[in-house]
Amino acid sequence: MRVYRDGVDSCWKKTPAMANQYEVLADHYPSSSDYEFLYTLITWIRYVQSEFRQSSVCSLVPSSAERVFKLAGMVDGFCCYLEQTFGDLKERGVVIGYDARAHPPSGGSSKRFASLAAAVFTSRGVPVHLFSDITPTPFVPFTVSHLSLCAGIMITASHNPKQDNGYKVYWENGAQIVSPHDKGISKAIEGNLEPWPESWNAEEALKSPLLKDPYQDVHTQYFKAIQKLCHYRDINKSSKVKIVHTSVHGVGHTFVQSAFKAFDLPPPYAVEEQKDPDPEFPTVKYPNPEEGEGVLTLSFALAEKEGASVVLANDPDADRLAVAEKQESGLWRVFSGNELGALLGWWLFSCWKQQNPEAAVLKNLYMLSSTVSSKILRAIALKEGFHFEETLTGFKWMGNRAKELIDQGNTVLFAFEEAIGIFTCHANQAAENHF
């Protein structure tokens with residue numbers, strides 16, 4: 001569901017309770033006399049509250065994106081819930097990252113929203129690790145785990161259309177929120193629809209001694225961590241496989257280049273027209289790798305020019321990965337999420353088995369997938385002797401279950417969902433693709 005300014009009356013009935021909220025909005029913004037606009041904002045707030053149970057929020061940005069984040073009180077409510085839950089919140093703090101989305105007509109952007117979110121926390125005496133530049137989503141849960149923080153926020157609408165923005169929330173375990181925290185946060189938001197005046201000053205927040213920039217440290221530690229997952233470095237150094245990569249106008253280019261370097265692989269060819277962040281996404285209708293060939297047209301053209309046989313594509317916040325391979329027929333095959341899960345699961349187990357030939361260690365080895373995904377991992381587990389578990393639909397469930405298993409002394413080698421590019425490799429290494 002996305003809330004548009006037109007036709008809002010068909011979505012919600014006007015009630016006295018909502019009328020009271022209009023008054024709150026009008027008090028803060030006396031120049032906003034457009035009743036329909038205020039009504040749209042309240043409708044969006046209600047939608048946000050319900051969507052917190054999905055662990056992330058994505059919705060159309062109305063004509064003033066800043067007002068939405070100020071008025072909704074989402075971050076205020078989240079901060080309140082963290083204060084109630086963690087006695088050491090003011091010692092541990094939170095991390096906030098953001099992608100490159102922007103809405104020039106309103107002055108809103110992911111970076112601006114991140115600054116506003118930071119202002120909420122610093123105004124309450126909570127330390128904030130605010131990235132100084134755009135980051136891929138996986139950096140946020142990695143930072144939560146790396147610095148033992150209470151929570152993380154990533155300002156992004158992922159692969160949604162350009163009009164959207166929102167944010168993803170991560171808990172102290174590095175996974176996206178599940179019950180009872182989703183319900184607790186939603187309730188806290190309902191109690192904080194009127195924002196805290198002192199939390200709106202992003203400029204002052206950026207001067208706060210409670211604010212730190214984790215960018216350089218996390219960048220270094222993340223790519224140091226994934227180096228441990230490289231199994232055939234010598235072969236990588238001499239690899240003749242040519243690969244094309246597109247970040248689809250998102251944040252992925254720099255970080256994918258660094259990942260290839262960490263594995264001693266030749267750098268992939270970058271699709272020049274899509275390499276740099278651009279919130280307009282001018283070359284695609286939807287910036288979603290799941291759209292397949294419609295998003296990969298420029299990648300295929302570059303691959304043909306350079307003689308590359310593999311194409312990789314990230315979504316705008318670089319937490320999904322689509323893969324295509326050129327067939328002997330000359331046609332391109334875009335792998336489904338289930339096919340990628342099968343290939344990666346088989347490959348990771350094969351590499352792990354070479355390094356751990358003792359049969360006894362299999363008793364603590366796990367792979368996971370959701371109930372809507374292929375059962376190929378179950379078949380491999382039955383054949384090889386390791387454990388397989390199925391979770392509810394949604395990667396948040398696999399992330400949380402993986403952390404539970406790890407805390408019990410197990411190894412979670414791989415987990416995936418059938419949607420293209422949602423997986424985690426070697427969860428114990430805290431170098432998640434997407435928790």
Side-chain angles (χ1 to χ4, degrees), residues 48-49 52 55-57 66 68-99 109-133 135 137 139-156 165-178 180-218 221 430 435:
V48 164
Q49 292 168 348
F52 240 105
S55 300
S56 61
V57 178
E66 277 190 51
V68 173
F69 270 72
K70 290 177 180 178
L71 299 173
M74 290 182 296
V75 183
D76 296 11
F78 184 40
C79 183
C80 279
Y81 183 74
L82 292 177
E83 289 175 333
Q84 297 164 13
T85 307
F86 296 102
D88 57 354
L89 176 63
K90 293 185 178 180
E91 286 73 49
R92 295 168 63 188
V94 300
V95 59
I96 301 174
Y98 54 92
D99 66 9
S109 66
S110 292
K111 183 174 183 178
R112 175 63 174 164
F113 296 161
S115 298
L116 291 168
V120 171
F121 286 101
T122 57
S123 73
R124 305 286 286 189
V126 178
V128 176
H129 298 264
L130 175 65
F131 282 95
S132 59
D133 202 352
T135 60
T137 288
F139 270 29
V140 171
F142 179 84
T143 305
V144 171
S145 299
H146 175 59
L147 299 179
S148 298
L149 305 179
C150 292
I153 295 175
M154 177 66 187
I155 309 295
T156 180
N165 214 333
Y167 63 98
K168 300 176 179 178
V169 178
Y170 296 86
W171 202 242
E172 65 170 337
N173 61 0
Q176 288 182 296
I177 58 169
V178 294
H181 302 306
D182 52 0
K183 297 180 180 66
I185 295 171
S186 180
K187 184 176 180 180
I189 289 174
E190 290 178 2
N192 287 274
L193 287 179
E194 183 172 358
W196 308 328
E198 67 274 13
S199 70
W200 294 0
N201 195 333
E203 288 70 24
E204 286 301 314
L206 295 177
K207 303 174 185 177
S208 172
L210 293 171
L211 207 64
K212 299 179 181 179
D213 177 15
Y215 187 93
Q216 290 300 330
D217 176 56
V218 170
Q221 294 303 319
F435 250 26

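Position 1 is the first residue of the sequence; numbering continues from there.
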Kindly determine whether Val75 and Leu116 satisfy side chain to side chain contact (heavy atoms under 4.5 Å, CB included), including the steps that lead there.
CA-CA 9 Å; Val75 183; Leu116 291 168; over 6 Å; no
Side chain Tyr81, main chain Asp76, donor-acceptor under 3.5 Å
no
Here the gap from Phe113 atom CZ to Thr156 atom OG1, rounded to the nearest 0.5 Å, amounts to 12.0 Å
Residues at least two apart in sequence or cross-chain that pass ring pair (Phe, Tyr, Trp, His ring centres under 6.0 Å) with Phe131, listed by chain then number, are none
Ser110 vs Asn165, test: side chain to side chain contact (heavy atoms under 4.5 Å, CB included). Steps then yes/no. CA-CA 7 Å; Ser110 292; Asn165 214 333; 3.0 Å; yes
Closest non-hydrogen contact found for Val126 with Gly93 is CG1-CA, 4.0 Å
So CZ of Phe86 and CZ of Arg92: to nearest 0.5 Å the spacing works out to 5.5 Å
Closest heavy-atom pair, Leu206 versus Ser115, reported as atoms and distance to 0.1 Å, is CD2-OG, 4.0 Å
By side chain to side chain contact (heavy atoms under 4.5 Å, CB included), Ala118 pairs with (sequence neighbours left out) Ile96, Val128, Leu130, Leu211
>> For Val120 and Phe78: C-alpha separation, side-chain torsions, deciding distance, then whether side chain to side chain contact (heavy atoms under 4.5 Å, CB included) applies.
In response: CA-CA 10 Å; Val120 171; Phe78 184 40; over 6 Å; no
Residues at least two apart in sequence or cross-chain that pass side-chain hydrogen bond (donor to acceptor under 3.5 Å, both in side chains) with Thr122, listed by chain then number, are none
Sorted by chain and number, sequence neighbours left out, side chain to side chain contact (heavy atoms under 4.5 Å, CB included) with Asp133 holds for Tyr215
Nearest heavy-atom contact between Cys150 and Asp88 is SG-OD1, 4.3 Å
NZ (Lys212) and OG (Ser132) are apart, to the nearest 0.5 Å, by 15.0 Å
For Ile189 and Met74 the tightest heavy-atom approach is CG1-O, 3.9 Å
Here the gap from Tyr98 atom OH to Met154 atom CE, rounded to the nearest 0.5 Å, amounts to 9.5 Å
Output for pair (His181 NE2, Thr85 OG1), nearest 0.5 Å, gives 7.0 Å
Across all chains, not counting sequence neighbours, the side-chain hydrogen bond (donor to acceptor under 3.5 Å, both in side chains) partners of Gln221 are none
- Item | Phe142/Thr135 under side chain to side chain contact (heavy atoms under 4.5 Å, CB included): CA gap, chis, key distance, verdict | CA-CA 12 Å; Phe142 179 84; Thr135 60; over 6 Å; no
Interatomic distance, CD1@Ile153 vs NZ@Lys168, rounded to 0.5 Å, equals 13.5 Å
Residues at least two apart in sequence or cross-chain that pass side-chain hydrogen bond (donor to acceptor under 3.5 Å, both in side chains) with Asp217, listed by chain then number, are His146
* Asked: Hey, does Lys183 have a side-chain heavy atom less than 4.5 Å from the side chain of Pro180?
  -> no
In short, Gly174 meets Pro141 closest at the heavy-atom pair O-CB, 3.3 Å
For Val94 and Leu149 the tightest heavy-atom approach is C-CD1, 3.8 Å
